[in-house]
Amino acid sequence: MTAFDEASTIDAASERRTGRGLSLRDRLVPSMPPASLWNWAGPLLVTLFGGFLRFYRLGDPHAVIFDETYYVPDAYSILRHGVELKHVSTVNELLLRGDMNIFRGGGEYVAHPPLGKVLMAGGDWLFGLTPFGWRFAVALIGTVSILMTARITRRMTRSTLLGCVAGLLMALDGLELVLSRTAILDIFLMFCVLAAFGMLLIDRDVSRAQLADAVTDGVKLDGGGPRLGIRWRRVLAGVFLGCACATKWDGVWYIFAFGALATAWDLGARRATGHRAHMHGVLRNDVKWLPVSFGLVPIAIYLASWSGWFASSRGYDRDWAALNGNHTPIWSALDSLYQYNKSMLSFGLSVNSHQGYVSEPWTWLFITRPVSFFYATPKTCGAASCAQEVLAIGTPTIWWASIPALLFCLWWWISRRDWRAGAVLLGVTGGWLPWFWFAWHDNRTEYYYYAVVFLPFLVMAITLCLGLIIGQPGAAPRRRVAGAVITGAYLLLVLANFAYLYPMLTAQAIPYATWQQRIWFSSWI
């Protein structure tokens, strides 16, 4: 079997055709590729490549760029004091000099929960308060996200090759690269959502196998049908969703999206086993656990992320309840946190400045307004005029290709009911659609780099389409060769596009004329 032979399992219709004569378990849970070194070596090699791109010159630029001016001192304050404290106005200059005397007293009012800053603090602890140190955690998480995308796509498609393709696309995306080299929160949010999806995907395979085995062993299909008990992988998905919300509140939309996805998968599995009352079975045996996995667990994780604030007397508004007459132990602290979070929500919804790099969510896939995180004009490039920039922009050949890929997945899901296409579409809408509401209803300030949270699902959509282009093992050899050539040519185009933009993604000093050539549209300035 060649590598391209593995790309045969994403056609739902062909699964139904080839499923005749197979056992119920084989039909419900198609087998993974045979065990081989390639199954892990391929994704790991792609990850190592992506990791090199993210860690190479990670300390450059030697500057506090974009919103690092908020998150870097907040993270260091959590490391030193357990909670975010106010910092001095000259914090950027002090950070670059290595001066750690950057705090000036009481609690700092923050716009986002603490977890992402706690992770950043780990890099400060390991490597010190340097650009490399405060960017270490984002680079690590961005690199691991490549491996996760590869393995998740492999499980979806039952193809190690397509998993490697998805991982390579993640490694070569400019926005993922920039956010993996900048100490802000969005890469952590993306990672947590991706990890939650991965847990649900594993649970899907395991639970369907358990249902098939139960039916094979003679469990009656009347009443509620087979009981699966607590689904621990769903609990882990809830943990990751809680971590997403404890990083940025945008993660809350995935609680609802993934809850609906899990329920739809349960319905499909019980119906496929021949369970006559599959709706009753899902409600009785599966849905009743969702409030735990997607409710209590995320809430517990979110509250735990505030443990430093609870333990400190210096956190912003920590004593709000006591000052307003609530002295009941525990409840007083929760009341103060509620009031603080209520204020954070009000602040977040009131941000409506439309200057600078603001962009509307319906333009994100077209990359009409990327965000410049850093720009300087050094004299070190050997030319009369130089430019040095960190531009938060996705690789156009990936983002623009995702538009027809998503449209095709929508058609594929409607016409063939392919669950993979539906899952990918839900992953995109969970991180994208809410911003349409905020843009229309609240006139809220929004930026293109918010879209990184659903980037893995764009990559999966493209990969699903590439798998269909490659074709089934039984297809005519000429068709298979043509599909392989098209896929290979596309990947080479992505690589060339990424390499062309790479100097603007990583703050390399280049001649101004060279920089100008890479600014394809005036809105990119």
Side-chain angles (χ1 to χ4, degrees), residues 2-16 30 33 42-43 46 146 149-173 175-176 194 197 201 261 364-367 394-432 451 454-476 478-498:
T2 66
F4 282 109
D5 290 331
E6 293 185 84
S8 62
T9 59
I10 69 171
D11 186 335
S14 70
E15 278 186 2
R16 291 193 292 270
V46 172
I146 297 170
T149 301
R151 295 290 296 181
I152 287 171
T153 305
R154 176 182 179 271
R155 180 170 289 274
M156 289 181 69
T157 63
R158 298 307 200 255
S159 167
T160 302
L161 173 70
L162 292 181
C164 291
V165 168
L168 182 61
L169 291 176
M170 280 288 284
L172 295 176
D173 182 70
L175 185 62
E176 211 273 359
L194 183 61
F197 180 74
L201 196 60
L261 181 65
W364 289 351
L365 296 187
F366 299 96
I367 322 181
T395 305
T397 47
I398 294 176
W399 287 77
W400 294 345
S402 73
I403 299 171
L406 290 175
L407 292 175
F408 181 83
C409 283
L410 178 61
W411 174 84
W412 194 248
W413 177 65
I414 292 173
S415 65
R416 301 295 183 90
R417 310 304 297 176
D418 188 286
W419 68 269
R420 286 150 289 210
V424 164
L425 291 169
L426 190 64
V428 173
T429 56
W432 190 21
F454 58 82
L455 170 64
F457 299 100
L458 298 182
V459 164
M460 292 175 201
I462 295 171
T463 305
L464 290 175
C465 293
L466 292 176
L468 290 173
I469 290 172
I470 293 171
Q472 304 297 314
R478 184 176 299 177
R479 152 75 192 279
R480 300 271 289 167
V481 171
V485 169
I486 292 171
T487 300
Y490 171 71
L491 294 177
L492 287 175
L493 183 62
V494 170
L495 177 61
N497 191 191
F498 173 82

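These values consider heavy atoms only, across backbone and side chains, with no hydrogens, waters or symmetry-generated copies.
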> What's the shortest heavy-atom distance between Thr149 and Pro456, and which atoms?
Replying inline: OG1-CB, 4.2 Å

> Looking only at heavy atoms, which two atoms of Leu365 and Leu406 are closest? And how far apart?
Replying inline: CD1-CD1, 3.9 Å

> Out of curiosity, Met170 CE to Thr153 OG1, how far, rounded to the nearest 0.5 Å?
Replying inline: 9.0 Å

> Which value, rounded to the nearest 0.5 Å, describes the distance between Leu169 atom CG and Ile146 atom CD1?
Replying inline: 11.0 Å

> Okay, side chain of Thr395, backbone of Leu172: is any donor-acceptor separation there less than 3.5 Å?
Replying inline: yes

> So, does Thr429 use its side chain to make a donor-acceptor pair with the main chain of Leu426 at under 3.5 Å?
Replying inline: yes

> Considering residues at least two apart in sequence or located in another chain, which fulfil the side-chain hydrogen bond (donor to acceptor under 3.5 Å, both in side chains) criterion with Trp413?
Replying inline: none

> OG1/Thr487 to CG/Leu492 distance, rounded to the nearest 0.5 angstrom?
Replying inline: 11.0 Å

>> Counting C-beta onward and ignoring hydrogens, is there a side-chain heavy-atom pair between Tyr490 and Ile486 closer than 4.5 Å?
In response: no

> Can you list the steps and then say if Leu175 with Trp399 is a side-chain contact (heavy atoms from CB on, under 4.5 Å)?
Replying inline: CA-CA 10 Å; Leu175 185 62; Trp399 287 77; 3.7 Å; yes

>> For Ala150 versus Pro43, what's the shortest heavy-atom pair and its separation?
In response: CB-CB, 3.9 Å

>> Contact between Phe366 and Ile403 at the side-chain level, heavy atoms closer than 4.5 Å - yes or no?
In response: yes

>> Do Leu162 and Ile470 make a side-chain contact, defined as non-hydrogen atoms from C-beta onward lying under 4.5 Å apart?
In response: yes

>> Consider side chain to side chain contact (heavy atoms under 4.5 Å, CB included). Of Thr160, Val46, Val459, Leu466, which one does Val165 pass it with?
In response: Leu466

>> In the structure I gave you, are the side-chain heavy atoms of Cys409 and Met460 within less than 4.5 Å of one another anywhere?
In response: no

> Looking at Gly471 and Arg480, what are the two nearest heavy atoms and their distance?
Replying inline: O-NH1, 2.5 Å

> Does some side-chain heavy atom of Ile367 sit less than 4.5 Å from a side-chain heavy atom of Trp400?
Replying inline: yes

> Under the salt bridge (Lys or Arg N to Asp or Glu O under 4.0 Å) test, which residues partner Arg479, sequence neighbours left out?
Replying inline: none

> For the residue pair Phe454 and Trp364, does the interplanar ring angle fall in the parallel (under 30°), tilted (30 to 60°) or perpendicular (over 60°) class?
Replying inline: parallel

> In Å and rounded to the nearest 0.5 Å, what is the CD1 to OG1 distance from Ile469 to Thr463?
Replying inline: 11.0 Å

>> What's the separation between atom CG in Leu455 and atom CG in Leu194, rounded to the nearest 0.5 Å?
In response: 9.5 Å

>> A side-chain contact here means heavy atoms from C-beta on lying under 4.5 Å apart; do Ile398 and Phe498 qualify?
In response: no

>> Closer than 3.5 angstrom, by distance alone: can the side chain of Arg158 be matched with the main-chain N or O of Pro30 as a donor-acceptor pair?
In response: yes

>> Quick test of your reading of the model: are Asp418 and Arg420 salt-bridged, counting only N-O distances below 4.0 Å?
In response: yes

> Does any non-hydrogen side-chain atom of Met156 lie less than 4.5 Å from one of Val424?
Replying inline: yes

> For the residue pair Phe408 and Trp412, does the interplanar ring angle fall in the parallel (under 30°), tilted (30 to 60°) or perpendicular (over 60°) class?
Replying inline: parallel

